[in-house]
2 protein chains.
Amino acid sequence: MERRPARLSDVAHRAGVSVATASRALNGSARSVKESNRAVVLAAADELGYTANVAAQAVARGRHRGVTLLVKSMPNDYANPMVVGVVEAARRAGIRITLVVVGEKSADLVREVHAARAQRAEILMTIGGRTIDDRGIPDLVAALQQYEAEGGRVVMITQAGLPFDTVSYDNQAGAHDLAVELLALGYEHFAILAGYADGMTQLDRTRGFVEGLAEGGVTLGVDRIITGEFTRDGAYAATGDLLRRGIKLDAIFAVNDAMALGVLTFLRDSGERGKGIAVAGFDDIASLRDITPGLTTVHLPWDAVATEALRLAQSDRAATPRHSIIGAHVVIRESTPPRR
Amino acid sequence: MERRPARLSDVAHRAGVSVATASRALNGSARSVKESNRAVVLAAADELGYTANVAAQAVARGRHRGVTLLVKSMPNDYANPMVVGVVEAARRAGIRITLVVVGEKSADLVREVHAARAQRAEILMTIGGRTIDDRGIPDLVAALQQYEAEGGRVVMITQAGLPFDTVSYDNQAGAHDLAVELLALGYEHFAILAGYADGMTQLDRTRGFVEGLAEGGVTLGVDRIITGEFTRDGAYAATGDLLRRGIKLDAIFAVNDAMALGVLTFLRDSGERGKGIAVAGFDDIASLRDITPGLTTVHLPWDAVATEALRLAQSDRAATPRHSIIGAHVVIRESTPPRR
DNA sequence: TCGCCTATGGAAATCGCTTGCCGCTGGGCA
DNA sequence: TGCCCAGCGGCAAGCGATTTCCATAGGCGA
């Protein structure tokens, strides 16, 4: 039993070659190594149970391989499946992930970008939306551009509209399609729980839904678009307010599943269930698969998003930022039964 | 705008001191630095936006700071909240996390432990249970011991019984208490959906429940302990089998919430709901907070577990492995209404 | 047979940082 | 006044890899 893990020099020594050759044989290089040497090096490495020291490689190469994942506030149903998706995709690709959870403020994000610069991280991915009037965006963009100028690759997930490779899902089209489907089911009187007034994601979903209704000839009054907390509890409270207004209502669209759950729960608690108010959400989070009634929602393909993000990150950088939009599709369940 | 991130030597130069002094001023050290020097170094670092290169530090120190988190198969309701807990706890402590998802086989785990050795990772945490007769355990223990002998710290979460610092929650006591409470509510005829026959976690829960019943004078026949898939769908199917047997039954304990959900769903789908069969689970996963009926379960304190794990990891190593058991408490909800 | 080019091995520089060791300084004490 | 030692700065040697550069050995056409 060794006193310390094997180093490259141990492998080289055992194989009877120089460390340079051992390095070239083990950890890819443009230079070729004679087949016989390669074999003996590989054998030696295997016998010693050698694994390269990533930190040393990072220093020597001047680049830290792997993905650094910056996530805004992890314990959040919405970021969570995204992170899982990326982690899984990375595992399949044999890539290590350094996970950094940053605060909500974009200044925190900026700080971490600079840290990643210092680490000379190869790939930087961020997960998380932003608010429409975020004052910190210019700083963030500057930091990321500096990072890219130094040779890093950035891929933003969710947060579209910045000059970097981005993969997002189509919030607007998804909500649009949902509206169309609900109209087809016979609903006529809608309300939207739109979440925070300034969230880009929420805004896109709200906008898409309104457009979808408009195409079907239904105009939604602004008084039927309720802003408020982007959470289950916020939605729970908002539903109460909404019903107390006594307006005609047969369907509520909440811009995410957690909120939709709040709506459903309120309807149940208040005994309004069965009075024919349908509910739809957005995200199709796995944990809600078994609620009663099944929730009509828009499914987001987390896997596809993550896979695409990794693909972008590993491809050569394009002259202009690329933007992949992964489609989202509507899933109709019992929470929106046909009305006719 | 710099062409490359600032290095320590840049800071030292700007502050007019040697790199040694700069290093000592910035990145803690036993040696003290005169206050005036420290101030000027800090100022210089700030002006240059300096952030230490973690990889270089790792190489120089011969230790990689931070937590390396080894998780068995991430996309799994059960591991997930645990990971979130650790990630959050680490964030509060200002620690970086390297997240590695390994396969189910303990050989995969062993490989990653050796990789962590090579990285000279400071803290290694594993999340995930094991099966009772896992052939790979000796190898795993050997690898981890080697890692510790080289100065690393290991903390195992969930997987108790190995000679390393461990933090787990008390599956057996939790299930025991649950049984006691159910008896107090007036239930008499039980069945257990026990999951895989060889999972340690499931086994402990089953055992605890049986003991709790026994204390109340209820003996559970082995035919009422059903093994099978540790999943929602497995439980769904198992419930059907169970009911077809036509035995007297007023409560089903599923060893995790996902399975309990399967039971509830089956009861609903088959119209058996309302016939008075109560359901209880284990885990109290957040996403089930709003299902109907509310699920009686055993709450696991993820935060506390994660915090404790980090505390253990950062404390000095004890002569003998420590084992923290975090209590789990019963939460009674509507899925188990009082019977008398 | 000679010269040149390609394939390949190895010595040594290098990456950014920590730290052991040496040496200087100045205050306290005999 | 002289000596000792604590306090602190800096030189330089690593840490474990990669990579540049030089050297050697064949292969091949003329």
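In what follows, every heavy atom counts, from backbone to side chain, and hydrogens, waters and symmetry copies are set aside. Here is how names work: the chains are called A, B, and so on, in the same order as the sequence lines, proteins then strands, and each is numbered from 1.
- Closest to the side chain of A/A60, out of D/dT18, D/dG14, D/dC8, is D/dT18.
- Of the possible polar contacts, one joining the B/T307 side chain to the B/D303 backbone as a donor-acceptor pair under 3.5 Å is found.
- Contact between A/S106 and A/G136 at its shortest, heavy atoms only, is OG-CA, 3.3 Å.
- A salt bridge links A/E112 with B/R96: at least one charged nitrogen is closer than 4.0 Å to a carboxylate oxygen.
- Across all non-hydrogen atoms, the minimal contact from B/A58 to B/H64 is CB-ND1, 3.8 Å.
- Among the atoms of the strands shown, none is found under 4.0 Å from any heavy atom of B/A55.
- For D/dG16, the OP1/OP2 oxygens have no side-chain nitrogen or oxygen of A/Y50 closer than 4.0 Å.
- One interatomic measurement links the two molecules: CZ of A/R63 to C1' of D/dT19, which rounds to 16 Å at whole-angstrom precision.
- Distances shown here put every side-chain N or O of A/S23 at or beyond 4.0 Å from the OP1 or OP2 atom of D/dA17.
- Whole-Å rounding puts the A/R4 CZ to D/dG16 P distance at 7 Å.
- Under a 4.0 Å N-O distance rule, the pair A/R153/A/D165 qualifies as a salt bridge.
- Heavy-atom distances to DNA chain D give each of A/R61 and B/V19 a nearest nucleotide, and the one nearer the 5′ end belongs to B/V19.
- Taking each heavy atom of B/S168 and B/H323 in turn, the nearest pair found is OG-NE2, 2.9 Å.
- In this structure, CD of B/Q57 is placed 18 Å from P of D/dC15, rounded to the nearest angstrom.
- The closest side-chain donor-acceptor pair between A/R38 and A/T21, if any, does not fall under 3.5 angstrom.
- A/R111 and A/H114 share no donor-acceptor pair across their side chains, judged by distance under 3.5 Å alone.
- Remark: nothing in residues 34-44 of chain A comes within less than 4.0 Å of DNA chain D through any heavy atom.
- Across A/E148, A/E122, A/E150, a single residue satisfies salt bridge (charged side-chain N to carboxylate O under 4.0 Å, His left out) together with A/R117, and that is A/E150.
- Mapping B/A56 and B/T21 onto DNA chain D by nearest heavy atom places B/T21 closer to the 5' end of the strand.
- Among the protein residues, A/V33 comes within range of the sugar-phosphate backbone only, with heavy atoms under 4.0 Å from sugar or phosphate atoms but none that close to a base.
- Nucleotides of DNA chain C with any atom under 4.0 Å from a heavy atom of chain B span, from 5' to 3', C/dG16 to C/dC21.
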